[in-house]
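Heavy atoms only: backbone and side chains are in, while hydrogens, waters and symmetry mates are out. Along the sequence shown, residues are numbered consecutively beginning with 1.
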Amino acid sequence: QVQLVESGGGLVQAGGSLRLSCAASGRTASSYTMGWFRQAPGKEREFVAAITWSGVNTYYANYADSVKGRFTISRDNAKNTVYLQMNSLKPEDTAVYYCAARFGPVGVRVNEYGNWGQGTQVTVSS
């Protein structure tokens with residue numbers, strides 16, 4: 001098991017940037033594939049990005065309002081921390097952002113991750 005704590009959310013104007021952090025604790029925290037998901041009010045939780053334990057491979061959501069090109073996922077295993085750098089934010093990015101971990105290959109589905117943080121609110125004003 002790994003414990004996850006997100007931070008870095010807040011209120012930002014459209015076009016602005018935020019960097020979310022996810023601190024992981026646990027003896028094998030650096031061995032986990034890490035993902036970021038988000039959930040807007042009244043919507044299902046959706047995949048945003050994921051990164052393998054080595055940090056070599058990253059994956060981004062490919063839906064209509066894609067985050068690829070605006071968001072960057074990274075990790076620092078020495079600090080057991082995963083980051084989500086979010087640039088050019090849009091009002092539709094407003095959501096609670098969750099960090100998740102799984103011991104295995106990258107997954108893009110909520111049910112593929114067994115460890116979750118409590119979430120951090122991101123609000124983008126127009």
Which atom names give the shortest non-hydrogen contact between T52 and T33, and what distance separates them?
-> CA-OG1, 4.1 Å
Counting only N and O atoms by type, is there a donor-acceptor contact under 3.5 Å from the side chain of Q3 to the main-chain atoms of G26?
-> no
Applying side-chain hydrogen bond (donor to acceptor under 3.5 Å, both in side chains), run through N87 and S17 and close with a yes or a no.
-> CA-CA 4 Å; N87 299 327; S17 298; 2.9 Å; yes
Check: V48 and L84 side chains under 4.5 Å, non-hydrogen atoms | yes
Going by heavy atoms in the side chains, are K90 and R70 under 4.5 Å from each other?
-> yes
Cluster check V110, L4: I/L/V/M/F/W/Y, side chain < 4.5 angstrom | no
Any sub-3.5 Å donor-acceptor pair from S21's side-chain atoms to Y83's backbone N or O?
-> no
Just by modelled atom types, is the S7 backbone N or O under 3.5 Å from a matching donor or acceptor in the T120 side chain?
-> no
Without hydrogens or angle criteria, can the side chains of R38 and Y97 be said to hold a donor-acceptor pair below 3.5 Å?
-> yes
Q13 side chain near V124 side chain, heavy-atom distance below 4.5 Å = no
Cation over ring, R45 on F37, under 6.0 Å and within 45°?
-> no
L20 versus E6: any side-chain heavy-atom pair under 4.5 Å?
-> no
Shortest non-hydrogen contact between A14 and S126, atoms and distance | CB-CA, 4.4 Å
Going hydrophobic residue to hydrophobic residue with side-chain gaps under 4.5 angstrom, can you get from I73 over to Y59?
-> no
Quick one: are T72 and Y60 in side-chain contact, heavy atoms under 4.5 Å?
-> yes
Given side chains that start at C-beta, do those of Q85 and S74 come closer than 4.5 Å, heavy atoms only?
-> no
Please confirm whether R75 makes a cation-pi placement over W53, using NZ or CZ under 6.0 Å from the six-membered ring centre and within 45° of the ring normal.
-> no
So if you build clusters from Ile, Leu, Val, Met, Phe, Trp, Tyr with side-chain heavy-atom gaps below 4.5 Å, do F47 and Y98 land together?
-> yes
Contact check, side chains of V106 and N57, non-hydrogen atoms, under 4.5 Å = no
Pairwise side-chain contact, S31 with F103, heavy-atom cut-off 4.5 Å (strictly under) | yes
Over all heavy atoms of both residues, which pair between M34 and C99 is shortest? Give the atoms and the distance, please.
-> CE-SG, 3.5 Å
Using the side chain to side chain contact (heavy atoms under 4.5 Å, CB included) rule, take V12 and T123 through it: C-alpha gap first, then chi angles, then the decisive distance, then the call.
-> CA-CA 6 Å; V12 64; T123 303; over 6 Å; no
Would you say the side-chain atoms of Y113 pair up with the backbone N or O of V108, donor to acceptor, closer than 3.5 Å?
-> no
Separation between CZ of R109 and CD of E46, rounded to the nearest 0.5 Å | 14.5 Å
Whether over 12 other heavy atoms sit under 6.0 Å from E44 CD | no
Got a donor-acceptor contact below 3.5 angstrom from the T81 side chain to the K79 backbone?
-> yes
